[in-house]
A.B. asks: 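Submitted below is the structure of interest, expressed as structure tokens.
Excluded from the calculations below are hydrogen atoms, water molecules and symmetry mates; all remaining heavy atoms, backbone and side chain alike, are included. Residue numbering restarts at 1 for every chain, and letters A, B, ... go by the order of the sequence lines. This is a predicted model, so every value here is computed, not measured.
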Amino acid sequence: MRKTVTSTELLNSNFPRLFPSSSASSSFSFFHPHHLPIRFLPPNPNLPSPVHPEAQELFLSSLKTLSRTTITLREIESLHCAATKSGFAVRGQVGIGLLNLYAKPGSLDVGRKLFDEIYERDALPWTILISGFSRNGKHETGIQLFAGMIAEDTLPNRFTLASVLKCCANLRDLGKGREIHGWILRNGISPDAVLDNSILEFYVKCGAFGYAKRFFGTLTSSDAISWNIMIGAYLEIGDVDSSMELFGNSLYRDVSSWNTIINGLMQNGFDSVSLQLLYRMVEIGPQFNHFTYSMAVTLAGTLALLALGRQIHGRVLRLGYEHDGYVRNSLISMYTKCGKMEASSFVFSRSLHSFDGSVAKSIDWSSMIAGFVQNGRGEEALHLFFRMLQEGVSVDQYTLTSIASACSSAGILEQGKQVHACVEKLGYGIDVFLASAITDMYAKCGSLTDARKNFESMDRKNVVLWTSIIGSYASHGHGREAIQLFDRMLNENIMPNEISFVAVLSACSHGGLVKEGYKYFRAMQENHNVAPGIEHFTCMVDLLGRAGLLDEARNFIYENSISHHTVMWRALLSACRVHQNVKMAVWASEQLVQLDPDDVGSYVLLSNIYASQRKFAEASKLRKLMQDRGMTKEPGWSWIQLRNKVHAFVAGDRSHPEAEGIYSYLERLFGRLKGLGYSSRNDLVLHDVEEEQRESMLSFHSEKLAIAYGIISTPSGTPLRVMKNLRVCADCHEAIKYISQDTSREIVLRDAHRFHHFKQGECSCGDYW
DNA sequence: GTAGGGTTAG
């Protein structure tokens, strides 16, 4: 199916109007010298003649050799210095040799100064500089330089054209690129694979797909790269079928072709097809190279195929590919995605102590840190981050995003603020990922106002950022505001995803907004094509139950055939506690124990319920059963951050250095609270609370200890922020209301479910949580 | 020309 379009047809079709001329400058309408944004020094003919011609030749050839090695800026500068001292023509060939060295990351600006001095300015020095800037992502500068070159009437060569087309491609500047293509055709630059491919890529990147296809058809010198560009182009627009067809018909099916199609399939979410193709490659395809290995490892990670990942790792080690930065980093991520943090640490630490030059880069640190965060090991993430800072590894947005998320879950506002400050100090602004993480951090650390401020400061908001702020308002119990934000998001044509609906539904449930909840639950399916998942059903059960519609909630569970999910019964049980419906509570917790006989929580709940009904025999039977089976429950603990230090407590904890003071303060405090009308609420234990629920320890629950410590360690009137890993128990909730009244303190408590703002004897949750 | 790290709920 070869296309029959000729290059002349292509040229005449609808290129911009050009000025036919032999002179380079006048044929580019957009590169007019008057519009030049930068000035170039005129060539300088006053060059000193070389002192030792042979020495200069020798120096030149060593520069060429050095250009193939890695060389630091300081080394280049000392060479430069030596050349000047020896009287070599740094404005001529030697200058070009040095320029070639300077055209590396970080030294381009120095290179450009040198360039201004060079008097023999044919296409070569221009090309070195243009391709240098384009390689380093400074595409605008590349184009400006090209304009300067044309203005000086220097004729570009194929390399120059390929480089500047790359700049146009990356800037998606269709106009300029087509003008250059036109010039190439008109000036009869003979076809060459490198140039042709850069033209092809330019059209693909600019989205001019029709052009790309037609141009591909005209190619006489196409190679594997041309085919790959086209295959990649189809994959880019999601046309998997065409890309597969092209791959099947490809004349050149080398490693890179396989890599292109396999990677493209992965990018389009066709992970299993991609894996099949990888197996096919093993059978009939060429040998894997480092690209293939890196992708294979990544694929094993996304599919969480640990066994496969390990197998590939073994092969990687045998073949020595673990020194490749990409392969190593893919390995780190693969293991973190499979939850094998020890294995990732192993790969990571080997690169830390490596002697072969493949040292861990900041991307490896980032992957490790992200892995810890994603596996719920925030503390280790923070430790690694501090070590990263100590060792002077550069920190970027990726790292900070993970760290912000670690601060969120740890609820450590001080460090979170430092991350925010760090972002501002680094000066590269906040992208939408980081903004979402920071918004969430402020909200989860108790500061909704800062979360909102950060949210509003972003010009471009995506679903995730919106969902973060909606979820923040929901968890702080501001249902109405959350709904308003959700509607504002819809007005701004942002498509909500399944998580956005979890956020808005939970907002409805925390705010008791039944009608609205139903509205969004329906809209989700009817208008937004989001099928309800377990989380959405849970929110609905929660919403109905909390509003006191217990029967409706139970019916909802059966109508939607979700009665086999323990979370539903847990939600219903929580509602039973709020509305003190013991009968349904017993029934619901029996369902729970039946569904999951190994779940400790269900036993604790049921035994608590029996106890509350004074059925102590049943209660203790259950407790004994738990003991016999060796079932233990996650201990409840609370923490408070004061002066940059986190103080953590478990129930009855006496390990804190100031335990003495804390306990004697609590004794006195409870004396006063009773005077205000507080009495222990042992009747309200129908909740999924932890071991510390035991009556004798009620007054020394972890949250009470943390709050007491907060009170005695801060000046009166200071608001307190306390975090807890489980849900707050009914007695503590009641007690903290009185504490806020007695001490005139604002107390913000984050539990496993939501925020409670206690103020003057009231809680923002209105006792529904 | 083809490869690696980040955010929201539960």
A.B. asks: Please identify each residue that fulfils salt bridge (charged side-chain N to carboxylate O under 4.0 Å, His left out) with A:D450, with sequence neighbours left out.
C.D. replies: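 Only A:K453 meet the salt bridge (charged side-chain N to carboxylate O under 4.0 Å, His left out) criterion with A:D450.
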
A.B. asks: Quick one: salt bridge (charged side-chain N to carboxylate O under 4.0 Å, His left out) partners of A:R452, sequence neighbours excluded?
C.D. replies: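 If we apply the salt bridge (charged side-chain N to carboxylate O under 4.0 Å, His left out) test to A:R452, skipping adjacent residues, the hits are A:E456.
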
A.B. asks: How would you summarise protein contacts on nucleotides 2-7 of chain B per nucleotide, using B for base, S for sugar-phosphate only and - for none, with heavy-atom distances below 4.0 Å?
C.D. replies: BBBBBB

A.B. asks: Identify, with sequence neighbours excluded, every residue that meets ring-ring contact (aromatic ring centres under 6.0 Å, His included) alongside A:F348.
C.D. replies: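 ring-ring contact (aromatic ring centres under 6.0 Å, His included) list for A:F348, sorted by chain: A:W365.
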
A.B. asks: Cation-pi check for A:F455 against A:K461: NZ or CZ below 6.0 Å from the six-membered ring centre and within 45 degrees of the axis, yes or no?
C.D. replies: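 Checked: cation-pi criterion met.
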
A.B. asks: Answer with base, sugar-phosphate or nothing: what part of the nucleic acid does A:K444 contact at a heavy-atom distance below 4.0 Å?
C.D. replies: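 Sugar-phosphate, no base atom in range.
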
A.B. asks: What residues, two or more places apart in sequence or in another chain, satisfy salt bridge (charged side-chain N to carboxylate O under 4.0 Å, His left out) together with A:E424?
C.D. replies: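 Scan of A:E424 (salt bridge (charged side-chain N to carboxylate O under 4.0 Å, His left out), adjacent residues dropped) gives none.
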
A.B. asks: What is the distance from CE of A:M540 to P of B:dG10, rounded to the nearest Å?
C.D. replies: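 Between P of B:dG10 and CE of A:M540: 16 Å.
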
A.B. asks: Round to the nearest Å and state the distance from A:F455 atom CZ to B:dT8 atom C1'.
C.D. replies: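 After rounding, the reported distance stands at 12 Å.
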
A.B. asks: Could you state the NE2-P distance from A:H510 to B:dA9, rounded to the nearest angstrom?
C.D. replies: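 Those two atoms, NE2 and P, are 12 Å apart.
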
A.B. asks: Only counting residues at least two apart or in another chain, list the ones meeting ring-ring contact (aromatic ring centres under 6.0 Å, His included) with A:F288.
C.D. replies: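 For A:F288 the ring-ring contact (aromatic ring centres under 6.0 Å, His included) partners, ignoring immediate neighbours, are A:Y293.
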
